[in-house]
Visitor: 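Please see the structure below; I have some questions.
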Amino acid sequence: MALKMAVVNFSIFLAFLVVSTHALPKSGIQGKRTETLHPDYRVEWQADYGEKTIEFWISVSTTGFVGFGISNTGHTDGADVVIGGIREGSVYFQDYHGINTALVVDEIQNWDVKNIKESDAKTVLHLKRKFETEDIYDVDITFGTTKLLWMIGQDDDLSNFEGLMGSYPVNLLDPPLPEINLSESEAFHMNLSIDLDPTVETLYYCQVFKRNATNETHITAITPTLDSPEALKHVHHINIYGCKPSKDSIPDPDVLFGPLAGQSGRSCTDSVMRDMQSNCEEDVFAWSLGGRMLVFPENVGFPWGENENEYFMVQFHLDNKDKLDTTIETGVAIYHTEKLRKHEAGILTMGYSTIIIPPDTKNWTVSVYCNVDCTNDLPKHGIHLFNANLHAHASGSGMSLRHFRGDAELTRIVQDDTYDFHYQENRPLHHPRKVLPEDELKLECTYDTTWKHPAGVVIGGPGSHDEMCMTFIYYYPRVPLVQCQSESNVDSILHQQFGITTSIFGRHLDPIIEEPSEWESLTLSDVFNTKVSWTDASRSTLEREFQKKENLETSCYRSPLLRHSHHGSKHKKGRKHVHGPGHKYGHHKHHGPSTLQEGPSPSLH
């Protein structure tokens, strides 16, 4: 691909997203992080949160020029790009901004060149820049998802660039993963061979595993095994659930789960797997596309091996838009230790289950609450959040996890206004966030559906082109609260705004219309796509209705089970329903601020 070079300046204002940095520390130095953007291109960086500056050390296997850029989109247009190297023994360096595919020289050079050197067929750049500059053409360095642009020049001729280039997503200002020596932990491997069917675009695949435990251990790290290009491309998310017989099932786990363990998996919609889902409810691990290994802090472990024979269900969501007929080898590796750690970790899931977004819509926002009714029985000294995974699908454009205490909002826990569906990290927090009894958590998800051609409604559902609004929050110590779910009264809203009455049949949030008669037998998406003339005003009105407190119900799900921790105290064990495609969203008749429930919760994922 050729990149056009220009040396003139354009007086064009480039709009760009500015992401709030108030979730960042106010002082301190970030631990140095490293990523390999290409086999020949390596970047290290370190942020100074007090100075609000960041340094990069870029090492590239070339004696030609090196290009490096920061972008919110992964494209040259609107990017902040620098190019440097050594030509005939002399250093050259220039700061640019992108317009379409052209690079235009910045009037203000905001990059501080610490050093550029060339040796052993490598060029190394040491650069420094402020998080935010006064140049409208620069891209702010934020807490959100950033694309690092990389370019490897074959020589030092900038007049007609031909060479390798690409982009790489990162959360630049996140801390590094906690340090861990995996050789000190035992590995338990869950290996799967998953057949892709060319006629099935979205596959939820479930498999049951047995672990023979002699004593309790603590999980220290979990990582997916995605060793092939096919696995990297097609695996969308992974969930692991602990399995124990429910009160209505066969009480002996070996009789209930044993016949499935050791067998190949099958579709999660298979009748046998659907029956198993109510028995496999405890979240152990959540991973999404683009994520790294999950590493627990050195004083925290997830309990593993609490019973002599333990069973687990692994759920893989795979996308097969290419209609492949092949087998994907994949799995999960769980690292655990007999050296029990001070704190036991738990997982709190938040999700919004009634997403309906009109066609061709930007900045549509939904909210999920863990309100005071959900947090009022937390321990007196609270729980400590240390990692969060934000999860939406292809229309997701921004996500934020907010924290309220009384009438005051505290600093946001995580915020990503440049959310990328293809890069969903388990994001370690800089410092554990304490959540006290009667605090409130609020997850906001923002969507942009203008990518759809032709324009069409987006509804909640399991497919990548459907939508979700979820977060998986890791915390300690483990408590009974396992899920907070918010949902809007869809029936009431549709009837009030459009005079629509629906049947109970239909795919998730795409039911069949019964009234008005002129729309009878059409689906809701048919009506929204072809019968409604959408305006900015009508979109805003519908969005407000979905967010009104009187139309929104929050449910809190707590585990009814008790267990004994290795510290000698008893507390409830977290359980919730598997996040699968099997749940049907029917008519939502509930109103009011919240409901408290024990036992399994509705499926979200």
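Index from 1, following the sequence. Side chains included, hydrogens not; waters and symmetry mates left out as well; all remaining heavy atoms used.
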Visitor: Does one side chain, of Thr471 or Asn389, offer a donor that lies under 3.5 Å from an acceptor on the other?
Guide: no

Visitor: Check whether the SG atoms of Cys556 and Cys374 are less than 2.5 Å apart, and answer yes or no.
Guide: yes

Visitor: Between Glu409 and Arg412, is the closest basic N to carboxylate O distance under 4.0 Å?
Guide: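 Yes, Arg412 and Glu409 are salt-bridged.
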
Visitor: Could you check, using the six-membered ring where one of them is a Trp, whether Phe312 and Trp304 have ring centers closer than 6.0 angstrom?
Guide: yes

Visitor: If I compare all heavy atoms of Tyr335 with all of Ala187, which pair ends up nearest, and what's the gap?
Guide: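 Taking Tyr335 first and Ala187 second, the nearest heavy atoms are CE2-CB, 3.7 Å.
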
Visitor: Under 3.5 Å, is there a donor-acceptor pair between the side chain of Gln207 and the main chain of Gly265?
Guide: yes

Visitor: Give me the one residue out of Met399, Met350, Met468 that meets side-chain contact (heavy atoms from CB on, under 4.5 Å) with His391.
Guide: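 Between His391 and the candidates, side-chain contact (heavy atoms from CB on, under 4.5 Å) is satisfied uniquely by Met468.
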
Visitor: Going by the rule ring pair (Phe, Tyr, Trp, His ring centres under 6.0 Å), which residues pair with Phe316 if we only count those two or more places apart in sequence or in a different chain?
Guide: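 None.
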
Visitor: Compare every heavy atom of Ala286 with every heavy atom of Asn239, then report the nearest pair and how far apart it is.
Guide: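 Closest heavy-atom pair between Asn239 and Ala286: ND2-CB, 3.7 Å.
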
Visitor: Using every non-hydrogen atom in the two residues, find where Pro176 and Pro428 come nearest and quote the distance to one decimal.
Guide: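 Smallest heavy-atom distance, with atoms named: O-CG, 4.3 Å.
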
Visitor: List the atom of Leu552, the atom of Ser367, and the distance in Å for their closest heavy-atom pair.
Guide: CD2-O, 4.4 Å

Visitor: Backbone N or O of Thr354 within a donor-acceptor pair of the Tyr352 side chain at under 3.5 Å?
Guide: yes

Visitor: If you draw a 6.0 Å radius around CD in Glu179, do more than 12 non-hydrogen atoms from other residues or ligands fall strictly inside?
Guide: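 No, the 6.0 Å shell around CD holds no more than 12 heavy atoms from other groups.
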
Visitor: Please test Arg427 against Asp416 for salt bridge (charged side-chain N to carboxylate O under 4.0 Å, His left out), starting from the C-alpha separation and ending with a verdict.
Guide: CA-CA 11 Å; Arg427 300 184 64 174; Asp416 191 343; 3.7 Å; yes

Visitor: So, Gln30 side chain and Leu172 main chain: donor-acceptor pair closer than 3.5 Å or not?
Guide: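 Side chain of Gln30 to backbone of Leu172, a donor-acceptor pair under 3.5 Å: yes, one is there.
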
Visitor: What's the verdict on side-chain hydrogen bond (donor to acceptor under 3.5 Å, both in side chains) for Asn72 and Thr146, showing C-alpha distance, side-chain angles and the deciding distance?
Guide: CA-CA 5 Å; Asn72 286 330; Thr146 299; 5.0 Å; no

Visitor: Does Asp420 come within less than 4.0 Å of Lys147, counting only side-chain N to carboxylate O?
Guide: yes

Visitor: Spell out, as yes or no, whether a donor-acceptor pair under 3.5 Å connects the side chain of His393 to the backbone of Gly463.
Guide: yes

Visitor: Apply the test ring-ring contact (aromatic ring centres under 6.0 Å, His included) to residues His430 and Tyr49: give CA-CA distance (whole Å), side-chain angles for both, the deciding distance (0.1 Å), then the verdict.
Guide: CA-CA 11 Å; His430 288 274; Tyr49 302 111; 5.0 Å; yes

Visitor: Inspect the surroundings of NZ in Lys32 and state if more than 12 heavy atoms from other residues, nucleotides or ligands are less than 6.0 Å away.
Guide: yes

Visitor: Parallel, tilted or perpendicular: which fits the ring planes of Phe296 and Tyr474, with parallel below 30° and perpendicular above 60°?
Guide: perpendicular

Visitor: When you look at CD of Glu329, are more than 12 heavy atoms from neighbouring residues, nucleotides or ligands closer to it than 6.0 Å?
Guide: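 Check passes, neighbour count above 12.
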
Visitor: Any luck finding a side-chain donor-acceptor pair between Gln485 and Ser353 under 3.5 Å?
Guide: yes

Visitor: Is Arg33 salt-bridged to Glu44, cutoff N-O under 4.0 Å?
Guide: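 No, Arg33 and Glu44 are not salt-bridged.
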
Visitor: Are Asp254 and Tyr311 linked by a side-chain donor-acceptor pair shorter than 3.5 Å?
Guide: yes

Visitor: Give the intermediate values and the outcome of side chain to side chain contact (heavy atoms under 4.5 Å, CB included) for residues Asn320 and Thr202.
Guide: CA-CA 6 Å; Asn320 190 19; Thr202 297; over 6 Å; no

Visitor: Within the side chain of Asp270, is there an N or O that forms a donor-acceptor pair under 3.5 Å with the backbone of Val272?
Guide: yes

Visitor: Determine whether a donor-acceptor pair (N or O, by modelled atom type, separation under 3.5 Å) exists between the side chain of Ser59 and the backbone of Arg42.
Guide: no

Visitor: Of Arg402, Arg405, Arg433, Lys434, which meets salt bridge (Lys or Arg N to Asp or Glu O under 4.0 Å) against Asp439?
Guide: Arg405

Visitor: Report the C-alpha separation of Lys210 and Glu310 in whole Å, then their side-chain angles, then the decisive distance to 0.1 Å, and conclude whether the salt bridge (charged side-chain N to carboxylate O under 4.0 Å, His left out) test is met.
Guide: CA-CA 6 Å; Lys210 178 181 179 180; Glu310 286 196 316; over 6 Å; no

Visitor: Given side chains that start at C-beta, do those of Val482 and Leu348 come closer than 4.5 Å, heavy atoms only?
Guide: no

Visitor: Within the side chain of Arg341, is there an N or O that forms a donor-acceptor pair under 3.5 Å with the backbone of Val300?
Guide: yes

Visitor: Looking only at side chains, do Asn181 and Ser183 share a donor and an acceptor under 3.5 Å apart?
Guide: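 Yes, side-chain donor-acceptor contact under 3.5 Å.
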
Visitor: Take Glu281 and Tyr241, measure what side-chain hydrogen bond (donor to acceptor under 3.5 Å, both in side chains) needs, and give me the verdict at the end.
Guide: CA-CA 6 Å; Glu281 297 172 326; Tyr241 305 98; over 6 Å; no

Visitor: Does the side chain of Tyr447 reach to within under 4.5 Å of the side chain of Ile355, using non-hydrogen atoms?
Guide: yes

Visitor: Do side-chain atoms of Ser400 reach the backbone of Glu444 as a donor and acceptor pair under 3.5 angstrom?
Guide: no

Visitor: Enter the distance from Thr418:OG1 to Phe143:CZ here, rounded to the nearest 0.5 Å.
Guide: 11.0 Å

Visitor: If every non-hydrogen atom of Met273 is compared with every non-hydrogen atom of Cys268, which pair is closest and at what distance?
Guide: CB-O, 3.8 Å

Visitor: From the options His126, Gln46, Lys128, select the one residue that forms a side chain to side chain donor-acceptor pair (under 3.5 Å) with Glu55.
Guide: His126

Visitor: Strictly under 6.0 Å, is that where the ring centroids of His236 and His234 end up?
Guide: no

Visitor: Please report the shortest heavy-atom distance between Glu467 and Gly396, naming the atom on each side.
Guide: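 Taking Glu467 first and Gly396 second, the nearest heavy atoms are OE2-N, 3.3 Å.
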
Visitor: Taking the side chain from Thr145 and the backbone from Tyr419, do they hold a donor-acceptor pair closer than 3.5 Å?
Guide: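 Checking the backbone N and O of Tyr419 against the side chain of Thr145, no donor-acceptor pair under 3.5 Å is found.
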
Visitor: Taking the six-membered ring for Trp, is the centroid-to-centroid distance between Tyr204 and His237 below 6.0 Å?
Guide: yes

Visitor: State whether a side-chain donor-acceptor pair under 3.5 Å links Ser185 with Thr337.
Guide: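 Per modelled atom types, Ser185 and Thr337 side chains form no pair under 3.5 Å.
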
Visitor: Between Trp287 and Val235, does the side chain to side chain contact (heavy atoms under 4.5 Å, CB included) criterion hold? Intermediate values first, please.
Guide: CA-CA 10 Å; Trp287 176 93; Val235 176; 3.8 Å; yes

Visitor: When the ring centroid of His384 is compared with that of Tyr475, is the distance short of 6.0 Å?
Guide: no

Visitor: Are a donor atom and an acceptor atom from the side chains of Asp417 and Thr142 found within less than 3.5 Å of each other?
Guide: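 No donor-acceptor contact under 3.5 Å links the two side chains.
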
Visitor: Please assess Lys342 against Glu298 for the test salt bridge (charged side-chain N to carboxylate O under 4.0 Å, His left out), listing each intermediate value before the final yes or no.
Guide: CA-CA 9 Å; Lys342 181 178 180 180; Glu298 63 179 1; over 6 Å; no

Visitor: Show the numbers, then the answer: is there a side chain to side chain contact (heavy atoms under 4.5 Å, CB included) between Ser464 and His317?
Guide: CA-CA 9 Å; Ser464 296; His317 170 191; 4.0 Å; yes

Visitor: Are Asp48 and Thr53 close enough that a side-chain donor and a side-chain acceptor fall under 3.5 Å?
Guide: no

Visitor: Please test Leu196 against Leu318 for side chain to side chain contact (heavy atoms under 4.5 Å, CB included), starting from the C-alpha separation and ending with a verdict.
Guide: CA-CA 8 Å; Leu196 292 185; Leu318 298 99; 4.1 Å; yes

Visitor: Can you tell me if Trp45 uses its side chain to pair, donor with acceptor, with the backbone of Ile54 under 3.5 Å?
Guide: no

